[in-house]
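Encoded as structure tokens, the structure appears first; notes follow it.
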Amino acid sequence: MTESFEALRALVADGGVVVLSGAGLSTESGIPDYRGPSGVARRHTPMTFQAFTRDPLARRRYWARSHLGWRLIAGAAPNAGHRAVAGLQRAGLVDTVITQNVDGLHGAAGSTSVVELHGRLDEVVCLDCGNLTSREEVDRRLREANPGFVARVAAVNPDGDVDLPDEQVAAFRTVDCAICGTGMLKPDVVFFGETVPPQRVARCFAAVGEARSLLVLGSSLTVMSGRRFVISAAKRGIPVAIVNQGPTRGDGHATVCVDAPLGAVLPRLAAGVSGTAAPVGV
């Protein structure tokens, strides 16, 4: 661990870092991961874009579950890992932050130049007129439309969806766009079966191509959505460092791998490259 950490510190101290973060960075904010040590197994199939747009019953189930799960996401605060990334950025060592998370915690911690690859859960888009609405406003409207809705949440997933029996959502009412009146509302996040906007992907590839190193934080890199940037960096000869609890599918491309909690490693890293005393315990 010590040897790997020193290699990580030297890489980051050189600057020009692009960060790629995943769900593991937000677990210490109380948002669970699917695959890490604190991960939760989904009890239902993830909502696909096709089911959401074509099946009114599937759409109602999603909104009922997400209506409850949103409470956890909305109440989450940045943790020490998010703050450390923002600190590295303020120190001029990190340029761009690419995140696979939809919780908005990088921005809340003070990071700038954040590319939210899969969108933001705190915004809702009308699929008909394209209007963007805050999740708080849609949440208010859903509360008004469902004054007697009471359900017990058994588990919350990283995307704000919860496990909820169908019988508990039978009477749930969805709402349409308040601007055009009939448009279908969807959280402004990328669903399974939906593609990331090409211009967003291009921005990420451009950032990685200009980086001196790519730092992966809290991602198992299981899906190609994030792993493609690791592959791209490795092909260009750009060093890749991975900090994650457990193995990842990008380990074979990495110059440095640190298997440890991010909430401990990142503050120590930020302190080490800024010349201040590092906290003990890692």
Side-chain angles (χ1 to χ4, degrees), residues 21-36 38-49 52 59-83 85-86 97-111 114-126 132-146 149-164 168-169 172 174-175 185-192 194 196 200 217-220 223 225-226 262-263:
S21 70
L25 185 61
S26 293
T27 56
E28 293 180 37
S29 293
I31 301 174
D33 190 359
Y34 287 127
R35 302 177 180 91
S38 60
V40 294
R42 258 192 192 273
R43 293 174 176 81
H44 56 264
T45 303
M47 178 59 63
T48 66
F49 180 75
F52 184 88
R59 191 158 57 250
R60 180 174 66 183
R61 283 196 300 271
Y62 174 83
W63 272 114
R65 297 189 310 221
S66 184
H67 181 57
L68 295 174
W70 167 245
R71 305 287 175 272
L72 175 71
I73 305 296
N79 61 50
H82 295 109
R83 294 191 294 272
V85 170
V97 177
I98 302 168
T99 184
Q100 300 171 88
N101 300 336
V102 296
D103 51 38
L105 293 180
H106 276 296
S111 283
V114 178
V115 182
E116 287 157 321
L117 190 62
H118 297 150
R120 295 179 62 100
L121 201 61
D122 63 357
E123 294 181 340
V124 177
V125 63
C126 173
L132 275 177
T133 308
S134 73
R135 184 61 181 262
E136 288 81 3
E137 171 62 18
V138 174
D139 182 70
R140 181 190 64 77
R141 294 180 59 210
L142 285 171
R143 285 174 179 266
E144 291 176 354
N146 298 276
F149 181 66
V150 178
R152 183 177 62 85
V153 178
V156 180
N157 295 309
D159 55 6
D161 198 1
V162 305
D163 296 308
L164 201 63
Q168 290 188 316
V169 303
F172 190 82
T174 60
V175 296
L185 295 180
K186 169 185 168 291
D188 195 21
V189 298
V190 178
F191 280 18
F192 284 86
E194 191 177 8
V196 178
R200 198 178 296 168
L217 303 175
S219 176
S220 63
V223 296
S225 180
L262 278 79

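Bear in mind that the values here come from a model prediction, so they are computed numbers and not experimental data. FYI, the numbering just counts along the sequence from 1.
- In terms of the side-chain contact (heavy atoms from CB on, under 4.5 Å) criterion, residue partners of Asn79 (sequence neighbours excluded) are, by chain and number, Glu28, Ser29, His82.
- With sequence neighbours excluded, the residues forming a side chain to side chain donor-acceptor pair (under 3.5 Å) with Thr133 are Asn131, listed by chain and number.
- Remark: Arg141 engages Glu137, Val175, Ala178, Leu185 in a side-chain contact (heavy atoms from CB on, under 4.5 Å) (not counting sequence neighbours).
- Residues satisfying the side chain to side chain donor-acceptor pair (under 3.5 Å) test with Asp139, not counting sequence neighbours, are His67, Arg71, Arg143.
- Side-chain rings of Phe52 and Phe191 approach one another, their centers coming within less than 6.0 Å.
- Legend: residues meeting salt bridge (charged side-chain N to carboxylate O under 4.0 Å, His left out) with Asp122, ordered by chain and number and at least two apart, are Arg120.
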Where do Glu136 and Arg140 land on the salt bridge (charged side-chain N to carboxylate O under 4.0 Å, His left out) test, with the steps shown first? CA-CA 6 Å; Glu136 288 81 3; Arg140 181 190 64 77; over 6 Å; no

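- By the salt bridge (charged side-chain N to carboxylate O under 4.0 Å, His left out) test, Arg135 pairs with no residue at all, sequence neighbours left out.
- By the side chain to side chain donor-acceptor pair (under 3.5 Å) test, Glu194 is found to be paired with Lys186, residues two or more places apart in sequence or in another chain being considered.
- Among all heavy-atom pairs drawn from Val102 and Val189, the shortest one is CG1-CG1, 3.7 Å.
- The distance from atom OG1 of Thr99 to atom CD of Glu116, rounded to the nearest 0.5 Å, is 7.0 Å.
- Gln100 is linked by a side chain to side chain donor-acceptor pair (under 3.5 Å) to Ser219, counting only residues two or more places apart in sequence or in another chain.
- Here Arg200 pairs with nothing under the salt bridge (charged side-chain N to carboxylate O under 4.0 Å, His left out) rule; sequence neighbours left out.
- In this structure, Asp103 contributes its side chain and Leu105 its backbone to a donor-acceptor pair below 3.5 Å.
- Scanning both residues, Asn101 and Ala23, for their nearest heavy atoms gives OD1-N, 3.0 Å.
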